[in-house]
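Encoded as structure tokens, the structure appears first; notes follow it.
A, B, ... follow the sequence lines: proteins, then strands. Residue 1 opens every chain.
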Amino acid sequence: MSVTNPVSTRTTPALDAERIRQDFPILQREVHGKPLVYLDNGASAQRPACVIDAEGDCYRQYYANIHRGVHMLSQESTRAFEAVRGKAAGLLNAASEREIVFTRGTTESINLVAQSHVRPMLQPGDEILITGMEHHSNIVPWQLICEYTGAKLVVVPFSDAGELSLEDVASRITSRTRFISVMQVSNALGTINPAREIVQLARRHGLTILLDGAQAAPHMPVDVQDLDCDFYVFSAHKLYGPTGVGVLYGKYDLLKAMPPWQGGGDMIRSVTFERTEFAEPPARFEAGTPNIGGVIGLGAAIDYFQALDPAAVLAHETDLLRYAEAQMADIPGLRIIGTAADKAGILSFVMEDAHPHDIGTILDADGIAIRAGHHCAQPVMQRYGVPATARASFAAYNTRAEVDALIASLHKVHDLFGR
Amino acid sequence: MTDLADLYQAVILDHNRAPRNFRRIEPPRSRALAHNPVCGDTVEIFLRVADGRVKDLAFLGDSCAVATASASLLTELLKGRSTDTVRTICRQFEAVLSGDAEAGILPESLQPMARVLHFPGRVQCARLAVQAVDQALHASRL
């Protein structure tokens, strides 16, 4: 069996979700006496045994601090840690592994770019451009540097369907715009934004741009050279990897021109009390002992995800999305929030008589894990006039049978709360 | 297994569907807003005190069934009572929701809310209203 991949239109082999499920130990468990149906992947995905083992093997077999020891364990740890830089570069098709900086996650990656690349170039009255659908982590770091510098945040609105128009983006780029930061896929709406076209707009105006790939990198092929973005960020834990680890991709020339963000060990060439010389990127941005086991776990997660084939993952999750949407249309009072033509496997919705929090509790009783809340995107909630939404978000291991369970449980919600 | 009927009892569903005292008091002598940062829910309490009594008590908010029912039951119970009694009941309700006291110490109408203790993720929903009443009462003395 094969399906047509909407991105490349080449034929992608269909995922065998039932086989993939065997790789994830947690999916065998029950919740409230029902098989776990995990549909909160937008918040964090689960880990396959190979990721758990990779991190465990590091601690069991060769763990030591990296970049400093002459002893065998330190060399083995360093080798395993540094190998992940190449894997991450491969995942994103970066030109060089020197362009990969390890961070604590998407949030830290964005803060790093804000403080180290953007803040030094800001004058009062300068502008940073973001969109109205951003996650708090792509709003607040910019507000912080605006506060320090007197720059201001300019927000591109989006349509009722949850789509950006390139005209709206273009019309908000002014002579004062200094930087653009946009999410590739919306965590609250599922919209796949025209990232490549927005980067081209930035290029045309000589601006640098960051793409927040937190909800994109785990679900589709990403090619930073094709996108031509200056910075690309994502978190390991949404890509079947450990928490507390993230990646910042940056074009090398830009990274090289950036001052360090945090000072400490591992990011220096030499230190005296008079003067410190900083290391070259990426080490310059990796002060202190990093999450060694976590990064090694990320390496295993990248291998796993690559082996699934990111294009096949996207096709699979898109199939689940369409399948779920079609059945949701039959549930009275249910409204999907975010109806963009181009969507990733994220389904945000509200129900007329049931609050998202209550939906979440009723689904939980059936073993179904979804997110209920504002998804760290309160401006998006305000845009739609809702305090919160319920959100089901898919991963490679989800199945149509799980969507059926979701739909059955939503009918229960309607029966309990519907007037 | 978690029994949903425990949380969504008829009385709670009823107060959610038709919340009592769901209005603004104009002009509000005192008001307070309780906010649950986890879900973004808010309960806003309006309160009017005169002669040591809570003469009027109302609420607004776009909240889940648990938060709405809790506010509805609480306003219905507390309206017209002395500020001392209101303070005592609020303290008792908070103690029960914290697991520090048995539900039996509560006035009967509030007792169904104690079932929320079986749903740890939802306790804060039940707590919003009582926190706001407490704050509004405090503000009324300033």
Side-chain angles (χ1 to χ4, degrees), chain A residues 30-36 40 43 135-136 140 188 333 337 348 350-391 408-419, chain B residues 1-20 22 33-45 59-73 97 112-129 131-132:
Chain A
E30 295 190 336
V31 169
H32 304 307
K34 307 270 179 66
L36 167 65
D40 195 16
H135 186 282
H136 295 165
V140 183
I337 304 284
S348 241
V350 292
M351 294 175 79
E352 219 158 74
D353 300 314
H355 186 280
H357 223 153
D358 296 310
I359 300 172
T361 294
I362 293 166
L363 266 54
D364 179 60
D366 281 338
I368 302 167
I370 61 154
R371 175 86 185 265
H374 53 58
H375 317 294
C376 296
Q378 286 183 331
V380 176
M381 302 297 111
Q382 289 150 16
R383 166 74 174 72
Y384 287 98
V386 295
T389 71
R391 181 188 70 184
S409 204
L410 288 174
H411 279 289
K412 271 193 205 172
V413 174
H414 175 69
D415 292 346
L416 190 59
F417 278 90
R419 283 163 209 261
Chain B
M1 184 192 142
T2 314
D3 191 355
L4 279 179
D6 241 18
L7 185 61
Y8 298 112
Q9 305 151 74
V11 59
I12 286 177
L13 290 175
D14 173 54
H15 277 260
N16 177 52
R17 243 175 232 134
R20 325 297 196 258
F22 191 74
L33 188 73
H35 176 242
N36 185 349
V38 177
C39 59
D41 279 4
T42 53
V43 170
E44 189 173 19
I45 290 282
F59 81 103
L60 286 176
D62 200 347
S63 298
C64 66
V66 176
T68 303
S70 182
S72 177
L73 284 162
L97 291 177
M113 290 310 305
R115 306 272 187 88
V116 76
L117 287 168
H118 298 304
F119 298 79
R122 303 303 300 277
V123 174
Q124 183 54 30
C125 309
R127 198 178 268 138
L128 283 179
Q131 285 175 334

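Between the CG atom of D364(A) and the CZ atom of F119(B) there is a distance of 8.5 Å, given to the nearest 0.5 Å. Between the CG atom of D358(A) and the CD1 atom of I12(B) there is a distance of 10.0 Å, given to the nearest 0.5 Å. From H32(A), atom NE2 reaches atom CG of L4(B) across 8.5 Å, with rounding to the nearest 0.5 Å.
For H355(A) and D41(B), the side-chain atoms include at least one donor-acceptor pair closer than 3.5 Å.
Taking 4.5 Å as the limit, every side-chain heavy atom of R17(B) sits out of range of all side-chain heavy atoms of D353(A). Contact annotation: the side chain of H357(A) never approaches that of V66(B) to less than 4.5 Å [non-hydrogen atoms, C-beta and beyond].
Residue contact with chain A, scored on non-hydrogen atoms closer than 4.5 Å, is absent for T42(B).
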